[in-house]
Amino acid sequence: MLKVILLVVFFFTFASSEEVSSLNNILGYKVLSVQAETNDQFQLLKQLYQSGHFDFWSRPRHHGSTSIMASSTHLPDLISLLESQGMKYSVKIQDVKALITQQDIANEKLRSISAEMSWTAYHSFENIEAWLLNLRKNPIVNVASIGNSSENRYIYQVSISIGLGSNNKPKPIIYMDANIHAREWITSAVATWIINELTSKTEQYKFILDNFDFYIVPVLNPDGFAYSMEKPDEEHRMWRKTRSINPGFPQCIGCDANRNFEYHFGGESTSDDPCNITYKGPNAFSEPETRALRDAIKGILKEEPKRILAYYTIHSYGQLWLLSWGFTPNAYPSDYDELLEWGKLSTEAIYKVHGKNYTYGQSADLLNPVGGAADDWAKLQGIKYVTTFELRDIDEYGFLLPADQIIPTAEEAWQGILAINKIKDGNTTGSGNSLLVNHWFLSGAIFTVLFILSR
């Protein structure tokens, strides 16, 4: 371990600390796919990740691929370091700027074909907002703001309900959120696609709407998302954090909102440096975006403590179904066997749609541990089924998933979400499209299914 640390320190004697914090121009940047086959190699990746000198597109993974973006200036040194440790790597994206420019041109052309909301292109926050507000005409939809961002944009929550349950009580809720990380465009595209499915094909989905209400926050980080769309062919496209002002660090904006929740705040994979891409913020819930989500969830649970059954935070990328706990490896909630069964059913349902394999398991066993994340905080609130749902892909486009993959990604994700219907309890019976909801009634309280889009 000491050898690994010394290697990293030696390397950073020559590397600039501004590698990630500035990103003023991504000309010449490449993305490497790196394999860690031994524990020492994995520890090296963890040290590089914690340093903040590089933009890790995925968290360090033992016995799997880890994606790292590097500039032409520092790429030779990074490769030398990897080779000195016998680590295998390949160039995943030869020219990040060229790929962004190519996709931006294609996306603008697709958006120009129709002024209407569609899922053949990525849409701006303003377009999504206008579409959401128009949904208010639908009698089963409530579109409300749960708070305002640092730049005073609304954080919208869409609730979809066809009325009370068969016992004249509120139904369990399926809650989702997306785009907590700005550059993960596919997540809000999938979230809005799901909203469109439920609101435009209500009869088709009556089998689930008879038993559940849906609460969806399609863009949790509207400032960061809007910023990432402003000049996508420049550094903006790779923006991850919020857009809050950090006193004393005017050049270093925002924090990683998925390190800003209070459970194990400041734990692993977080940074105290405001310029770091994983900066946790000055304190837990310092960001208006995380406070808005906290208050919305707590508001539901205050009225009915067990109404939220499942929470999906939707992220990209990696094709993963990550379960509690995420703050440390080899630690599992008491109901972990049930969560594993849920993950198995969900990933099998995903595979049946387009043949894509998603891996399920405890988050910190599969990836580097994370402190202050939304999923662990949600589990701590008593929500039964919690996952960080990492969408496509695995090792090709990463955050730059082409728009022609929006619909297939949404289709498979939706089936993974609907797979919760298959969960059976000893006191319930049913078949076909009937949902087994007795499992969600405990001491007269109703659980809610809560889905959060993105990690």
Side-chain angles (χ1 to χ4, degrees), residues 1-2 4-5 8 36-52 56-66 180-181 240 255-273 276-281 283-286 290 293-294 297 310-315 318-344 347 358-390 450 452 454-455:
M1 181 63 178
L2 178 60
V4 168
I5 294 173
V8 173
E37 297 175 344
T38 69
N39 186 60
D40 278 351
Q41 292 174 348
F42 179 56
Q43 294 302 322
L44 174 63
L45 288 183
K46 287 176 67 175
Q47 289 291 323
L48 287 172
Y49 179 78
Q50 289 292 123
S51 74
F56 273 64
W57 281 25
S58 59
R59 282 187 283 150
R61 190 169 185 177
H62 200 180
H63 301 300
S65 63
T66 300
I180 193 171
H181 289 147
R240 171 184 171 98
C255 88
D256 184 338
N258 203 39
R259 305 293 186 271
N260 193 238
F261 290 77
E262 67 184 350
Y263 192 54
H264 285 273
F265 177 76
E268 289 205 51
S269 301
T270 70
S271 175
D272 296 324
D273 179 3
N276 194 295
I277 199 168
T278 58
Y279 175 51
K280 61 182 174 40
N283 52 266
F285 295 117
S286 62
T290 56
L293 185 65
R294 175 199 64 188
I297 291 171
Y311 174 73
Y312 288 61
T313 178
I314 301 180
H315 289 249
Q319 295 176 201
L320 298 166
W321 191 277
L322 302 175
L323 303 170
S324 304
W325 298 102
F327 67 88
T328 187
N330 303 314
Y332 312 97
S334 59
D335 58 355
Y336 186 62
D337 286 346
E338 294 175 72
L339 300 183
L340 277 178
E341 180 63 19
W342 174 51
K344 179 176 182 291
T347 53
Y358 280 62
T359 302
Y360 67 94
Q362 198 257 34
S363 180
D365 286 350
L366 293 176
L367 303 173
N368 204 41
V370 166
D375 53 1
D376 279 357
W377 176 84
K379 184 65 175 173
L380 192 68
Q381 306 313 302
I383 298 168
K384 173 75 174 176
Y385 296 100
V386 173
T387 182
T388 291
F389 189 5
E390 298 276 2
L450 166 45
I452 305 179
S454 150
R455 186 184 185 98

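These values consider heavy atoms only, across backbone and side chains, with no hydrogens, waters or symmetry-generated copies. FYI, the numbering just counts along the sequence from 1.
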Min side-chain heavy-atom separation P369-P329 under 4.5 Å: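 P369 vs P329: side chains touch.
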
Test log, rule side chain to side chain donor-acceptor pair (under 3.5 Å), inputs D273 and S271: CA-CA 5 Å; D273 179 3; S271 175; 5.1 Å; no

Partner set under side chain to side chain contact (heavy atoms under 4.5 Å, CB included) for [X], not counting sequence neighbours:
X    : value
T66  : L45, F56, S58, R61, I68
N330 : Y332, D365
H62  : N39, F42
S269 : Y49, Q50, R259, N368, V370

Which atom names give the shortest non-hydrogen contact between [X] and [Y], and what distance separates them?
X    : Y    : value
Y360 : L340 : CE1-O, 3.5 Å
S286 : G281 : OG-CA, 4.0 Å
N258 : A374 : OD1-N, 3.0 Å
L320 : Y358 : N-CD2, 3.7 Å
L322 : L367 : CD1-CD1, 3.8 Å
P333 : L339 : CG-CD1, 3.8 Å

Donor-acceptor pair between T387 and D375 side chains, under 3.5 angstrom: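 No donor-acceptor contact under 3.5 Å links the two side chains.
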
Evaluation steps, side chain to side chain donor-acceptor pair (under 3.5 Å), between D256 and T278: CA-CA 5 Å; D256 184 338; T278 58; 5.6 Å; no

Contacts of type salt bridge (charged side-chain N to carboxylate O under 4.0 Å, His left out), residue E37, not counting sequence neighbours: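 E37 satisfies salt bridge (charged side-chain N to carboxylate O under 4.0 Å, His left out) with K88 only.
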
Salt bridge (Lys or Arg N to Asp or Glu O under 4.0 Å) contacts in which one or both residues fall within residues 319-336, not counting sequence neighbours: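 Every pair satisfying salt bridge (Lys or Arg N to Asp or Glu O under 4.0 Å) with a residue in residues 319-336: D335-K379, D335-K384.
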
Close aromatic pair by centroid cut-off 6.0 Å: Y263 and W325: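 So the answer is yes for these two rings.
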
